[in-house]
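Notes follow once the structure below has been shown.
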Amino acid sequence: MRPRAPTPAALAALALLAAGSAGAQVTVRARPVFSERCLARTQPSELIARVDHNTDEALRGTLAVDPLEGPRTYVRTRRAVALTVPAHGHATVRVSTAVPATSPDLVLRVLDDRGRELAREPLAFTEGADRVLVDATPGARLATHLNAESSPVVPGSPSLPAPSPEGELVACAAARSPDTGELVLPERPEGYRNVRLVLLDTASLTTLPLRARVALADYVLSGGALALLVDHRDDLRHPVAQAFLGQGLTPTQPRLAPSQPVIRYYRGYQAEPEPRPVTLANATAFRGGNLHTRDLSTLHPNQLPELLGSTAEYGQGKVHLLSWNPTRAPALEDPWSSRCLTRSAALSAPGAATRVLSEAPDTLPVPDAVRALLASRGPFRPGVGLGAAGALGALLVVVGALRLGARRPGAALAAALALATLGASLEARLAGSLRRREAVTRSVGMIDLTAGFSRGTVRRFTAYDGPGGELGTLSRGGRGLGLVLDPSAGTGVVSVVEAREEVRLVGARALPWVPLVVREEGLETLPGSVALLPEGSDIIVVNHLPVTLEEVVLSAPSLGARRLQRLRPGGRWTVSWAPTLPPELQSVFLGDASEALQPFGMQSSEALLVAPDADPGRRLQQAFRRAPDHGAWWRAALSLPTVPGRTFQWATQEPLLLARLARPLKPVRARGYRTGLDQTFLRVHGYGGSP
């Protein structure tokens, strides 16, 4: 009997079976960098994904984290990373989410180079924490001990286990590779968004991979706290340790002396707990380098300042070099030891809150002052003159028709025909004017630096104003930078693709001649730094950047807020020689000290940015006597670091410099767009740098 040819339905079924079989040969699964209970509940996270590939050919494509649902009135962002998997092998990649990883609408997908889906896996994380202490020491004994305690980890006294205003602090153990024993830490600063303190030993620090080491340094520079334990004194001579602590460290052995009880206010007056004598019996502190003893001494007053160790401060970020080892007995069993670390973690939270990095990057709206500045097209208004001429012509024709209509029959009809002809001519001329108009980009941003450092956080808004349609691929260099589309720009999914050392934004669409705003956020390296050096009661500012600083304002508690017209490359400025800002502007940079942190032992209070009126930008423009549009620039600059729902904090116990760069260090360029406004402000805080 002759076999029957397969029907179309049977062929379709076979194709589906073959597709299902091929898809099953690629699998993907993801896990958090830390444990699931340490995921950020309200902020994006970094995940480690493993892709297994069981076919005979290598796989080249992308790994994407897709938001399947969400508000339809906003743009949704897909994060994707270029991926290469060998035949019958696997690849491990890091990927960041655009929204919290605990969201129920995220799915992990593997796409080939043609965009076909090969595998998918929903992300089903349900736990998380907003404030985390990471124990990255071998064995993570402190995290195990803290998690075994019945009471929550809070920054108060062991006798008061009630939650603090900062919330419960969760202790997490950092994982290590089972094959190599290598420590697994985030490779992106956003992996530390909910981390308040990292406990690390010097041996692990010096052996960290480059990307993890850079991310840890970026975490400190953007307001994080790192506590180091000294395994061997030789580790302190390693270049990596010297980069975090400085050079020329010398040991000292302070002794615990009897002290009077200290009374603190923490939801009622209480006595400060005392350490057991054996806990600090062999304490070894270090001096020199970038270290000082002001910070840790507040955790145990009435003792030698260096008893608990020393601290290197980089702006709002801190690196503590502890004098004792809280991960080993007898300190591990002493409640005072763990409370010192949890209190230090709680006190680092205000510094972390002042980061320029957004807590919810994909939903952060564009500040009104920034949007107003980016929407301004300057003196060029296509069609405005033609529109005015058309209105005048129409008025003349109408008046003529009314006057002639009573004298000659048909005059009104002739006037109507003349008006229609004039309107068509004006419309054609206006369309030609719009076609000839150049597409432009307008950008305004702020770079936040620690004095003496050339790397810091950046937030930049760029408006693309052109004929509309697909913008193509917007690319910016730098692995540490992220691109986010204005969430109110429309609907649909936009892809943020990371490939090698650049970030690309794909799929953005714009309306004709309506500015589409893209936010750039992350960490950026500059070709120089700005030094702020103390000289008695004065401050010296040195510009080591290859660009002039204009409209410079420096505020310090002892000097007030002073202004300087410009500071050229290599120039030095003695702050006390410059005039002060008008009294009504002093509170913009030097507000009233907040006492909210005093119950937690914070010695250096902070000030809130409180504008004396609704338009401090105009007052700053008048203070510098610049062009009228400088008021809009200042309004945008003062709103750049803010986060909706929270007042931005300016530190009052350290100098703060705010300036405008005379020219951009990294101009924004896009194919088919001419660069229009490109304005960058610089915010420098703390002491540091070379003369």
Side-chain angles (χ1 to χ4, degrees), residues 44 67 70-79 98-99 356-378 380 437-447 457-476 478 481-497 503-522 524 617 629 632-644 664 666-681:
R72 297 296 181 183
T73 57
Y74 290 96
V75 172
R76 291 171 292 151
T77 304
R78 172 194 295 122
R79 296 293 173 91
V99 296
V356 174
L357 297 179
S358 303
E359 293 185 355
D362 280 35
T363 58
L364 182 71
V366 181
D368 293 339
V370 173
R371 190 182 294 277
L373 181 64
L374 296 180
S376 173
R377 298 183 178 88
F380 179 60
R437 176 186 172 189
E438 276 189 302
V440 298
T441 64
R442 291 182 294 278
S443 175
V444 58
M446 176 173 285
I447 302 174
T457 54
V458 61
R459 176 180 289 172
R460 183 180 291 111
F461 292 90
T462 303
Y464 295 85
D465 194 359
E470 189 81 24
L471 286 185
T473 299
L474 305 178
S475 177
R476 293 283 293 175
L481 294 177
L483 298 177
V484 180
L485 191 64
D486 177 13
S488 63
T491 60
V493 178
V494 176
S495 297
V496 177
V497 183
V503 181
R504 301 194 300 265
L505 186 65
V506 182
R509 297 185 61 85
L511 295 174
W513 309 112
V514 175
L516 182 68
V517 182
V518 175
R519 178 164 48 85
E520 177 184 339
E521 193 166 276
E524 186 171 281
D629 57 350
W633 292 0
W634 273 110
R635 284 193 294 271
L638 294 176
S639 65
L640 276 171
T642 59
V643 175
K666 259 178 122 175
V668 176
R669 294 188 176 94
R671 181 176 299 178
Y673 286 82
R674 178 182 62 83
T675 301
L677 173 70
D678 195 346
Q679 194 61 67
T680 302
F681 291 86

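Worth knowing before you read on, the calculation uses all heavy atoms, side chains too, and leaves out hydrogens, waters and symmetry mates. Predicted model, so just to flag it, every value in this text is computed and none were measured.
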[X] versus [Y]: any side-chain heavy-atom pair under 4.5 Å?
X: Leu373; Y: Gln679; value: no
X: Arg459; Y: Glu521; value: yes
X: Val444; Y: Leu374; value: yes
X: Asp465; Y: Trp513; value: yes

Which atom pair, heavy atoms only, marks the closest approach of [X] to [Y]?
X: Val517; Y: Leu485; answer: O-CD1, 3.7 Å
X: Ala637; Y: Met446; answer: O-CE, 3.4 Å
X: Ala439; Y: Pro467; answer: CB-CD, 4.0 Å

Rounded distance (nearest 0.5 Å) linking atom CG of Asp678 with atom OG1 of Thr462: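 Answer for the CG-OG1 pair, Asp678 versus Thr462, is 7.0 Å.
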Is it true that a side-chain atom of Arg442 and a backbone atom of Ala463 form a donor plus acceptor pair closer than 3.5 Å?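 No.
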